[in-house]
Amino acid sequence: MKFHVLTLFPEIPRAFFESSIMAKAVEKEIIAYDLVNIRDFAFDKHKTCDDSPYGGGAGMLMLPEPLDRALESVKAYKKRVIYVTPSGKPFTQKLARELSKEEELVFICGRYEGIDQRIIDAWVDDEVSIGDYVLSSGEVAATVMIDAIYRLIEGVISSESLEEESFSTGLLEYPQYTRPEVYKGMKVPEVLLSGHHENIQKWRLERQLAKTLAYRPDLIDEARRTGELSLEAEKMIETITGQVSKVCPRKHPRYRGKEK
Ligand code: 6GU
């Protein structure tokens with residue numbers, strides 16, 4: 001996979017590409033990258049890259065021509081162009097998985113006032129946002145996306161670590177403990193020392209459900225909708241909340257076909 005990043009501040013994504021696991025993936029030639037400085041494609045001697053918007057309004061917009069020339073300079077056989085913007089569709093683990101299957105990704109990092117719409121119309125495949133808040137420029141957001149994407153590519157990290165992560169199961173992760181058994185008077189939960197595999201699995205699922213109910217009840221609804229919540233999980237939810245599940249059991253996907 002090759003990442004092309006079009007930016008006015010290449011030093012921000014560069015720090016990431018040169019660090020840690022990413023640096024190793026680059027060394028192993030699983031990942032390649034190309035940082036394109038949009039300013040190198042400006043026309044005038046001041047290297048102007050922005051101007052005020054037609055129709056008035058606050059802030060500056062990025063000029064279309066330097067961006068267009070920067071995009072033309074990207075030599076890629078099959079590229080998918082992503083414009084990183086707070087007004088895009090949400091970036092999710094699902095989208096990260098989809099993008100990790102592409103051969104070449106091109107990220108356009110803009111300043112938050114944005115870029116000329118004609119660049120979007122002519123070049124962009126996806127407008128993507130990392131969340132409902134505004135960053136001062138797109139580089140940090142693009143780097144977040146690149147991090148989520150590259151680690152899903154085969155050979156970057158082990159597949160077992162990927163499978164147990166938050167979102168791969170649709171629930172948040174269970175709490176984890178390592179040595180020592182007692183730290184500042186706080187003990188590791190007994191069940192984890194028991195060696196009883198089935199009880200450990202049950203305890204972990206119960207902790208996942210309790211945490212997801214507290215922090216991300218929307219993920220519980222989603223898991224229910226997609227039939228990913230087992231009956232065991234539904235029963236645990238009833239115990240945790242002290243309420244009978246609002247879902248009619250007959251409508252539960254796990255019941256389908258089991259009716260008398
Ligand atoms: Cl993708 N870009 C910027 N500039 N701000 C953001 C964002 C992206 N996602 C959330 N805030």
Side-chain angles (χ1 to χ4, degrees), residues 1-19 22 31 33-42 47-68 70-71 74 76 79-102 104-153 165-167 172 215-216 218-219 222:
M1 155 89 81
K2 185 163 182 179
F3 294 103
H4 303 261
V5 185
L6 276 63
T7 165
L8 290 167
F9 305 101
E11 57 281 8
I12 299 174
R14 180 172 293 119
F16 179 73
F17 281 110
E18 290 178 356
S19 306
M22 176 56 106
I31 304 292
Y33 67 99
D34 177 25
L35 302 171
V36 181
N37 193 332
I38 300 162
R39 207 169 289 286
D40 293 343
F41 296 88
K47 302 270 170 209
T48 308
C49 283
D50 56 4
D51 207 335
S52 45
Y54 280 117
M60 303 287 268
L61 282 187
M62 285 172 81
L63 291 169
E65 292 99 332
L67 263 171
D68 188 77
L71 282 157
V74 174
K79 57 191 172 202
R80 182 154 167 186
V81 180
I82 294 159
Y83 172 43
V84 160
T85 168
S87 64
K89 66 181 171 187
F91 185 70
T92 58
Q93 190 65 22
K94 183 164 171 258
L95 184 55
R97 239 176 262 131
E98 183 189 319
L99 295 176
S100 72
K101 294 181 181 115
E102 297 284 343
E104 311 235 16
L105 292 175
V106 181
F107 288 88
I108 304 174
C109 308
R111 42 188 309 164
Y112 78 86
E113 294 88 344
I115 65 178
D116 190 291
Q117 181 62 35
R118 291 166 292 183
I119 290 292
I120 301 173
D121 296 343
W123 286 95
V124 171
D125 297 302
D126 307 80
E127 296 180 78
V128 187
S129 162
I130 61 164
D132 293 340
Y133 38 81
V134 178
L135 305 174
S136 51
S137 69
E139 284 73 16
V140 172
T143 307
V144 166
M145 294 182 206
I146 292 166
D147 190 347
I149 294 163
Y150 95 101
R151 58 193 297 289
L152 299 175
I153 296 167
E165 285 176 348
S166 294
F167 302 112
L172 302 183
Y215 287 171
R216 295 292 306 275
D218 58 304
L219 293 179
E222 179 66 13

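Below, all heavy atoms of this structure are taken into account, side chains as well, without hydrogens, waters or symmetry copies. Each ligand, and each atom within it, is numbered from 1 in the order the structure gives. Quick caveat: nothing in here was measured; it's all calculated off a predicted structure.
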Residue Val128 vicinity, atoms of ligand 1 by number, heavy atom under 4.0 Å: 1 (Cl)
Residue pair Arg216 / Glu222, side-chain heavy-atom distance below 4.5 Å: no
Option with minimal heavy-atom separation from atom 5 (N) of ligand 1, where the choices are Val140, Leu135, Val144: Leu135
Beyond-backbone contact of Thr85 with Ile120, side-chain heavy atoms, under 4.5 angstrom: no
Contact atoms of ligand 1, heavy-atom distance to Ile130 under 4.0 Å: 1 (Cl), 9 (N), 10 (C)
Asp125 vs Tyr83, side chain to side chain contact (heavy atoms under 4.5 Å, CB included): CA-CA, chis, key distance, verdict: CA-CA 8 Å; Asp125 297 302; Tyr83 172 43; over 6 Å; no
Ser136 contact mode with ligand 1 (heavy-atom cut-off under 4.0 Å): neither
Check: Ser129 N/O within less than 3.5 Å of ligand 1 N/O: yes
Ligand-residue contact atoms, ligand 1 with Ser137, heavy atoms, under 4.0 Å: 4 (N)
Pair Tyr33-Phe3, ring pair (Phe, Tyr, Trp, His ring centres under 6.0 Å): steps then yes or no: CA-CA 5 Å; Tyr33 67 99; Phe3 294 103; 8.8 Å; no
Within 6.0 angstrom of Asp132 CG, more than 12 heavy atoms from elsewhere: no
